[in-house]
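Below: the structure, in structure tokens.
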Amino acid sequence: SQQGEEDPQALSIQEGENATMNCSYKTSINNLQWYRQNSGRGLVHLILIRSNEREKHSGRLRVTLDTSKKSSSLLITASRAADTASYFCATDAGAGSYQLTFGKGTKLSVIP
Amino acid sequence: EAQVTQNPRYLITVTGKKLTVTCSQNMNHEYMSWYRQDPGLGLRQIYYSMNVEVTDKGDVPEGYKVSRKEKRNFPLILESPSPNQTSLYFCASSSKTSGRRDTQYFGPGTRLTVL
């Protein structure tokens with residue numbers, strides 16, 4: 001079952017601009033993660049936010065979580081051409097679970 | 001170097017010819033998983049394993065088998081591949097260690113085409 005759904009499906013911005021991607025999910029979660037995938041390659045873990053956290057930062061990444069709305073956002077500030085990739089949110093199946101359910105992803109293109 | 005490896009990376013085969021995609025991790029992770037990725041559908045979990053000899057179905061297990069005889073290896077077996085199994089496959093692993101278990105480490109992917 002598909003848990004996380006990213007929005008928009010595709011996003012094109014100029015280098016230096018900020019990129020915001022959203023993720024909505026349906027059931028209660030223990031934590032939410034964001035992953036990045038360069039074209040045709042494996043996914044790389046970016047950041048994890050727990051259900052009792054509202055905001056988290058890592059370098060140019062900022063993640064927010066609103067459990068009342070069952071949504072999360074990933075903000076990439078001062079984007080670079082190298083940020084061009086697909087971004088996926090992933091939710092777990094609850095406390096103690098190792099299973100992750102991924103959304104369909106947002107394809108980000110950063111134009112130099 | 002800590003990594004998840006998959007072999008082969010690319011495979012073209014014909015309907016009905018049994019194949020195995022290997023996955024190996026060198027991080028002593030307990031949890032391993034297989035996903036398939038298809039355009040417009042994102043990643044869908046096929047099977048997962050919590051530890052040696054412990055496996056369970058994910059969201060799309062039909063047509064696949066797995067085994068976990070050793071901690072480091074988690075092969076994906078297609079007994080009779082069909083064209084609808086043409087996809088990009090990823091293996092992933094994670095640790096039970098507190099604080100690390102939520103992060104999954106992905107292999108580079110195996111692009112499978114079934115004719």
Side-chain angles (χ1 to χ4, degrees), chain A residues 1-10 21 23-27 29-53 56 58 61 63 65 72 85-107, chain B residues 2-6 9-10 23 25 27 29-51 54-61 68 74 87-113:
Chain A
S1 57
Q2 214 71 31
Q3 169 78 306
E5 292 288 339
E6 292 89 346
D7 169 60
Q9 289 186 346
M21 288 158 271
C23 170
S24 59
Y25 57 93
K26 296 174 183 169
T27 60
I29 60 170
N30 190 43
N31 64 61
L32 185 145
Q33 305 179 48
W34 285 90
Y35 285 79
R36 167 196 166 121
Q37 182 184 34
N38 286 69
S39 180
R41 294 177 179 257
L43 280 73
V44 175
H45 181 260
L46 292 177
I47 194 167
L48 177 152
I49 186 165
R50 301 202 181 280
S51 59
N52 61 355
E53 297 175 315
K56 203 160 183 180
S58 177
L61 306 180
V63 170
L65 179 64
S72 173
S86 290
Y87 293 82
F88 295 87
C89 68
T91 53
D92 66 356
S97 172
Y98 294 84
Q99 283 184 272
L100 291 182
T101 302
F102 288 82
K104 296 176 184 179
T106 292
K107 190 169 186 176
Chain B
Q3 60 182 351
V4 178
T5 57
Q6 294 178 227
R9 294 290 313 281
Y10 303 90
C23 172
Q25 50 92 6
M27 296 169 279
H29 285 171
E30 293 82 7
Y31 180 84
M32 297 185 75
S33 181
W34 276 103
Y35 298 89
R36 62 177 288 173
Q37 185 176 29
D38 302 288
L41 296 177
L43 275 86
R44 295 179 292 169
Q45 189 178 51
I46 304 170
Y47 269 94
Y48 64 96
S49 169
M50 300 290 283
N51 214 324
V54 181
T55 63
D56 208 347
K57 297 177 181 178
D59 296 321
V60 288
R68 187 89 182 275
F74 190 45
S87 187
L88 180 58
Y89 291 86
F90 290 102
C91 180
S93 71
S94 65
S95 170
K96 274 188 180 179
T97 305
S98 177
R100 290 178 177 270
R101 69 178 189 181
D102 303 302
T103 300
Q104 292 199 11
Y105 297 83
F106 281 79
T110 294
R111 190 169 291 280
L112 173 66
T113 301

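Below, read A as the first sequence line, B as the second, and so on, with proteins coming before strands; counting in each chain starts at 1.
Side-chain contact between B/L43 and A/L43 is present, with at least one heavy-atom pair separated by less than 4.5 Å.
A donor-acceptor pair under 3.5 Å links the side-chain atoms of A/Y35 to the main chain of B/Q104, judged by distance alone.
The side chain to side chain donor-acceptor pair (under 3.5 Å) search around A/R36 returns A/N38, A/Y87, not counting sequence neighbours. Legend: residues meeting side chain to side chain donor-acceptor pair (under 3.5 Å) with A/W34, ordered by chain and number and at least two apart, are A/S72.
Shown here is A/E53, whose CD atom has more than 12 heavy atoms of other residues, nucleotides or ligands within 6.0 Å. With a 6.0 Å radius and a threshold of 12 heavy atoms from other residues, nucleotides or ligands, A/K107 has its NZ atom at or below the threshold.
Here the closest heavy-atom approach between residue A/Q37 and residue B/F90 is recorded as NE2-CZ, 3.3 Å. A pairwise comparison of heavy atoms in A/F88 and B/Q37 identifies CZ-NE2, 3.4 Å as the closest pair.
Interface summary for chain A: among B/A92, B/G109, B/C91, B/G40, the most heavy-atom pairs under 4.5 angstrom belong to B/G40.
One distance of note links CG of A/L100 with OH of B/Y35; it measures 4.5 Å at 0.5 Å rounding.
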